[in-house]
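Below: one structure, written as structure tokens.
Order of the sequence lines fixes the chain letters, A, B, ..., with proteins taken first and strands second; residue numbering starts at 1 for each chain.
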Protein chains: 2
Amino acid sequence: MNTDKHSQNLKKEDYLSHIAFDSVIFGFNGKDLKILVLQYHNTGLFALPGGFVRRNESLDEAVSKGVVERTGIDNIYLEQFQTFGGLDRFDSKAMERILKMNGLDPKANEWLLDRFISIAYYALINFEEVNPVPDALADSIEWYSFEELPPLMMDHEEIVQKALETLRANLDRKLLGMNLLPEKFTMRELQNVYEKIMGEPFKRTAFQRKMLATNALIRHEKRFTGGAHRAPYLYSFKTMVKDRS
Amino acid sequence: MNTDKHSQNLKKEDYLSHIAFDSVIFGFNGKDLKILVLQYHNTGLFALPGGFVRRNESLDEAVSKGVVERTGIDNIYLEQFQTFGGLDRFDSKAMERILKMNGLDPKANEWLLDRFISIAYYALINFEEVNPVPDALADSIEWYSFEELPPLMMDHEEIVQKALETLRANLDRKLLGMNLLPEKFTMRELQNVYEKIMGEPFKRTAFQRKMLATNALIRHEKRFTGGAHRAPYLYSFKTMVKDRS
DNA sequence: ACAAAAGTGTTACCTCTACACCCATGA
DNA sequence: TCATGGGTGTAGAGGTAACACTTTTGT
């Protein structure tokens, strides 16, 4: 949970009360699968980037805007995967602390201390294009790989877990790999993405054939890396179709 | 969208504003796949059974309670599948009419006319056990098969569509058939469920083998129907495990 | 005996896997 | 020419699908 860039504008009447969103933003730096985590000013509290929904925008618009603001790129693959509505999922003391540390009056922003239901989305982005931007209440937003995630607020660790599960379940059904890679990539790079997401190694030759069999790749010129070996082909995905379901 | 049984209790302060749920309740009568649709008093408006979330109950609890109240049975397979948050998804005029026709003052229940985000669930139940119960605002709740669905309010047709898609996508991954059948059933009955859900016929022998290969069925005594043919075995599902993901 | 539906055996086919082999590249 | 990693050919295993055959039941 998190706020708009212009925190002074967090007026109750502009937003739908009790409704928040959280986003699990995945990026792949060529080696590791990472997610964006932000830290609130002077509190030591870590959380997923999130926000609230304005009365005059749809849920999808709100989330899209939030993710674009944090990453600096638009045209992002975004997918809603679950809504979290447990009774335990608000921590008014932590929220109060966050507001105070940002010089905001908790009394004047009482609606933020109330119970929230959060709609969770995951995003897949091309790591290279991103320049993460913290919002007004947070002083840092950084990439963390799964092995070194800091402890997250409230139920955010559960949200991350569920995001990863959903991503895994969808990986074969949809062509998700494309959203984590630059436009052109080698088969080895594609395999790396798949292995990091699934958390297990694949056989090189079987992977290659499986991918080619999907008929979704275009083969381009070779990439001469300077390595003392055969130059691999570059590939790109045929269409911008992200969902084949 | 819909209300609690005791509509006089629909006090704003008891509920989370802007948040509703809708449920697509599937049942199988041995021949057709049907869903429960309710009709509001004197309005000709059809809608999915739904409700609101009390401040002191979790989202899942609220939905579960709502579905149990309408069907009269508990221990129902329930799965959240999507949250709908479009700007178009409120129709204050229709809601006003519903309130008026039920002798409620729209002014006193103004929060119900506001914009709502709805978390949608689907439920799978054993048709035979159900005795559908309309809530206070509705005068009927009835089974409709997909071919004869009445026009539904707001985005409820989209919700039904998405529920069916999700059910189809999950059918193989999870053992969902079990929730739509009585405890013991024949292979032909199980195949009927699958065919109705997927909307396509399966080969009898292939289906039988595929099901037996899952190793999830127990074979019981035969059922002598009086038909002039070999009596089929009865089967039941091995475990109450509903999710193998 | 016969018709109807249930259950199973068999064969052909297809797919996937493993392994080997060849290819291209720069040192 | 050697080491390294990329691409493809092939044979065997395993799984799937189609079809026929057998079994069981009530008329």
Side-chain angles (χ1 to χ4, degrees), chain A residues 28 30-32 168 171-173 175 177-178 181-238 244, chain B residues 28 30-32 168 171-173 175 177-178 181-238 244:
Chain A
F28 185 72
K31 270 190 61 183
D32 284 314
R168 283 180 178 168
L171 189 55
D172 281 320
R173 220 162 40 74
L175 286 173
M178 63 188 296
L181 288 167
E183 204 206 324
K184 291 185 181 178
F185 48 87
T186 65
M187 196 56 82
R188 166 53 62 188
E189 289 167 339
L190 183 59
Q191 185 175 344
N192 284 342
V193 171
Y194 271 68
E195 289 181 342
K196 285 298 174 183
I197 291 175
M198 299 307 287
E200 54 181 351
F202 295 103
K203 314 268 176 197
R204 180 180 62 91
T205 58
F207 183 83
Q208 163 122 339
R209 260 192 269 259
K210 192 173 139 193
M211 282 300 135
L212 292 179
T214 65
N215 211 26
L217 296 178
I218 303 169
R219 177 175 282 179
H220 299 281
E221 74 283 11
K222 295 183 177 184
R223 175 196 280 175
F224 297 85
T225 56
H229 54 79
R230 182 171 182 169
Y233 289 110
L234 288 171
Y235 296 90
S236 66
F237 283 98
K238 237 174 204 170
R244 293 183 299 166
Chain B
F28 185 73
K31 270 190 61 184
D32 284 314
R168 283 180 178 168
L171 189 55
D172 281 319
R173 222 162 37 76
L175 286 174
M178 62 188 296
L181 288 167
E183 204 206 325
K184 291 184 180 179
F185 48 87
T186 65
M187 194 58 81
R188 167 50 62 186
E189 288 167 340
L190 183 59
Q191 185 175 344
N192 283 343
V193 172
Y194 270 68
E195 289 182 342
K196 284 298 172 182
I197 292 175
M198 298 308 286
E200 55 180 351
F202 295 104
K203 314 271 177 196
R204 181 180 60 89
T205 58
F207 183 83
Q208 162 123 340
R209 261 193 268 261
K210 193 173 138 193
M211 282 300 135
L212 293 179
T214 64
N215 211 26
L217 296 178
I218 303 169
R219 178 175 282 179
H220 300 280
E221 75 283 10
K222 295 182 177 184
R223 175 197 280 176
F224 295 86
T225 56
H229 54 78
R230 182 171 181 168
Y233 289 110
L234 288 171
Y235 296 89
S236 67
F237 283 98
K238 238 175 206 169
R244 295 182 298 167

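- Y233(B) has its OH atom 11 Å from the C1' atom of dT8(C), to the nearest Å.
- In terms of heavy atoms, T214(B) sits closest to M211(B) at OG1-O, 2.5 Å.
- What separates CG of L212(B) from P of dG9(C) is a distance of 12 Å, to the nearest Å.
- In this structure, E183(A) and S236(A) approach most closely via the heavy-atom pair O-CB, 3.4 Å.
- Under a 3.5 Å cut-off, the side chain of R168(A) and the backbone N or O of I197(A) do form a donor-acceptor pair.
- Note on ring orientation: taking the six-membered ring where Trp is involved, the planes of F185(B) and F237(B) are tilted (angle from 30° to 60°).
- Atom CG in L217(B) sits 12.0 Å away from atom CG in L234(B) (nearest 0.5 Å).
- In this model, the phosphate group of dT8(D) is approached by a side-chain N or O of R219(A) to a distance below 4.0 Å at OP1 or OP2.
- For the pair F224(A) CZ and dA24(C) P, the interatomic distance rounds to 11 Å; values are reported in whole Å.
- Here dA4(C) presents its P atom at 20 Å from NZ of K222(B), a figure rounded to the nearest Å.
- Atoms CD (Q191(A)) and C1' (dG7(D)) sit 13 Å apart, rounded to a whole Å.
- Atom CG of N192(B) is separated from atom C1' of dA6(C) by 14 Å (rounded to the nearest Å).
- At whole-Å resolution of the value, CZ in R230(A) and P in dA24(C) are 6 Å apart.
- Remark: side-chain polar atoms of Q191(A) are paired, donor with acceptor, to backbone N or O of F202(A) under 3.5 angstrom.
- Separating the CZ atom of R188(B) from the P atom of dG7(C) is a distance of 10 Å, rounded to the nearest angstrom.
- At a non-hydrogen distance threshold of 4.0 Å, K203(B), T205(B), R209(B) from residues 201-210 of chain B come into contact with DNA chain D.
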